[in-house]
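Notes follow the structure.
Only this structure's heavy atoms are used, side chains among them; waters, hydrogens and symmetry mates stay out. For clarity, every value in this text was computed on a predicted model and none was experimentally measured. Quick note on labels: first sequence line is chain A, next is B, and so on, each numbered from 1.
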Number of protein chains: 2
Amino acid sequence: MATSRGPYAKGVAKREEILRAALEVIARHGYRKTSTRELAAAVGLSEAGLLHYFGSKEKLFEAVLRARDEADQERSAGRDDLIDRLISVVRHNSDVPGLVQLYSTFSAEAGDSEHSAHEFFVERYDRLRDALAEAVRARQSDGTIDAAADPEKIATVLIALSDGLQIQSQFRLGTEAAELMDHVVGLLRP
Amino acid sequence: MATSRGPYAKGVAKREEILRAALEVIARHGYRKTSTRELAAAVGLSEAGLLHYFGSKEKLFEAVLRARDEADQERSAGRDDLIDRLISVVRHNSDVPGLVQLYSTFSAEAGDSEHSAHEFFVERYDRLRDALAEAVRARQSDGTIDAAADPEKIATVLIALSDGLQIQSQFRLGTEAAELMDHVVGLLRP
DNA sequence: GTCTATACCAAGATAGAC
DNA sequence: GTCTATCTTGGTATAGAC
């Protein structure tokens with residue numbers, strides 16, 4: 001039985017290079033028009049070489065979204081209120097429409113329970129919902145959100161707003177998505 | 001140059017038959033797995049024959065979404081409040097996950113301004129936003145929504161909620177999407 | 001230094017849009 | 001039928017554990 005040795009240092013570095021390049025290409029170029037061929041060329045690999053690292057295009061995109069989540073977390077590491085952080089991510093996203101499109105298209109496709117990224121999104125939404133509900137409870141304690149509100153419901157609503165507003169913002173929007181999120185949070189005051 | 005005669009009666013009927021079949025196949029089968037090949041087979045046409053009616057796969061799906069909008073409108077023709085109608089459509093959609101997936105994936109993809117359905121969504125969102133804002137104003141008049149609220153913002157938020165909650169509902173959701181919409185509308189009371 | 005899993009590539013199979 | 005996209009197969013070269 002072949003024991004796994006894990007990736008070599010070279011492979012680890014290449015993986016990171018691929019993710020960085022993919023984030024950049026997709027941010028500029030959009031999701032639909034980004035082929036494995038193009039991504040492979042951007043990092044000096046053949047298509048087979050690229051797929052060696054990720055197995056499939058879908059798995060690669062899943063890894064790109066994980067990398068984006070990490071980058072978002074680092075960028076907003078200062079703030080400790082998750083609701084503010086969510087809004088600041090939404091604000092930042094208006095500068096990277098290609099990534100927004102990747103996220104929305106991919107999450108919609110992954111609704112199919114047989115999609116390889118289905119579980120990724122199930123867990124991501126669960127985690128985000130739990131953490132946001134906790135943030136809502138904290139705000140209820142300090143009186144900036146009505147104590148009568150249901151934290152889980154509010155968390156679900158905030159995520160839906162974030163997703164839905166960013167989709168709409170690709171088609172003109174009277175008001176900025178982040179500003180609308182702020183506005184809704186304001187409506188939750190006691 | 002040949003003058004256009006427009007579609008013959010036979011063509012019109014076939015177009016409708018294709019749309020009906022497509023709605024059914026997609027509702028059952030989902031969006032990703034529905035190829036032009038499969039749709040052509042379902043209505044007894046060759047692929048070329050199918051594409052003759054719609055020009056491209058994207059145009060066909062756009063037509064499917066138009067047909068769905070019409071069907072939704074007919075089904076909820078009784079109610080005259082658009083907010084209630086929106087919520088009832090969301091409720092109905094939980095029975096046709098394939099169509100929800102078509103809609104969310106397609107709208108996300110069409111965020112690209114070069115996508116052939118981009119304008120369709122721009123107009124659809126504009127129209128829906130205007131009509132919903134009008135419905136909000138009506139509710140402000142009869143006192144069920146706070147007069148201080150901005151009708152356009154509320155309309156945008158309700159659409160985002162509808163889209164976002166339906167995406168999340170593909171990945172488990174504590175509460176039903178329609179119920180959460182109702183809940184949010186309740187929060188808008190004076 | 002040996003050995004084998006990892007890092008890649010060339011060519012082609014497959015499938016979908018048109 | 002043609003073109004383009006993903007992914008597989010079957011291979012060589014090299015990193016790095018022992």
Hey, is the main chain of [Y] close enough, under 3.5 Å, to the side chain of [X] for a donor-acceptor pair?
X        : Y        : answer
B/Lys14  : B/Val43  : yes
B/Gln140 : B/Asp146 : yes
A/Glu152 : B/Gly174 : no

Length of the line joining [X]:[atom1] and [N]:[atom2], which is rounded to integer Å:
X       : N      : atom1 : atom2 : value
A/Arg32 : D/dT4  : CZ    : P     : 16 Å
B/Lys57 : C/dA15 : NZ    : C1'   : 12 Å
A/Glu38 : D/dT4  : CD    : C1'   : 14 Å
A/Leu39 : D/dC7  : CG    : P     : 12 Å
A/Lys33 : D/dT4  : NZ    : C1'   : 16 Å

**Asked** For B/Glu176, does the CD atom sit with more than 12 other heavy atoms under 6.0 Å from it, leaving out its own atoms?
**Response**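 For B/Glu176, atom CD is not crowded (no more than 12 foreign heavy atoms under 6.0 Å).
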**Prompt:** Quick one: does NZ or CZ of A/Lys57 land under 6.0 Å from the six-membered ring centre of A/Phe106, within 45 degrees of the ring axis?
**Reply:**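 Because its charged atom misses either the 6.0 Å distance or the 45° angle limit, A/Lys57 does not stack over A/Phe106.
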**Asked** Does the ring of A/Phe120 carry A/Arg66 above it, NZ/CZ under 6.0 angstrom from centre and within 45° of its axis?
**Response** no
**Asked** Within the structure, does a side-chain N or O atom of A/Thr36 lie under 4.0 Å from either OP1 or OP2 of D/dT6?
**Response** yes
**Request:** Describe, in one word, how the ring planes of A/His118 and B/Phe171 are oriented to each other, choosing from parallel (under 30°), tilted (30 to 60°) and perpendicular (over 60°).
**Result:**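 Taking B/Phe171 first and then A/His118, their aromatic rings sit tilted (interplane angle of 30° to 60°).
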**Asked** Among residues 6-19 of chain A, which residues get a heavy atom nearer than 4.0 Å to DNA chain D?
**Response**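 The stretch gives A/Tyr8, A/Ala9 as the residues lying under 4.0 Å from the strand, ordered by number.
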**Fill in**
Residues of residues 43-56 of chain B with a heavy atom under 4.0 Å from any atom of DNA chain D, listed by number, are none
**Asked** Any salt bridge between B/Asp72 and B/Arg85, counting N to O under 4.0 Å?
**Response** no
**Request:** Compare the minimum distances between each of C/dA17, D/dC7, D/dA15 and the side chain of A/Arg5, then state the nucleotide with the smallest one.
**Result:**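 Comparing C/dA17, D/dC7, D/dA15 against the side chain of A/Arg5, the answer is D/dA15.
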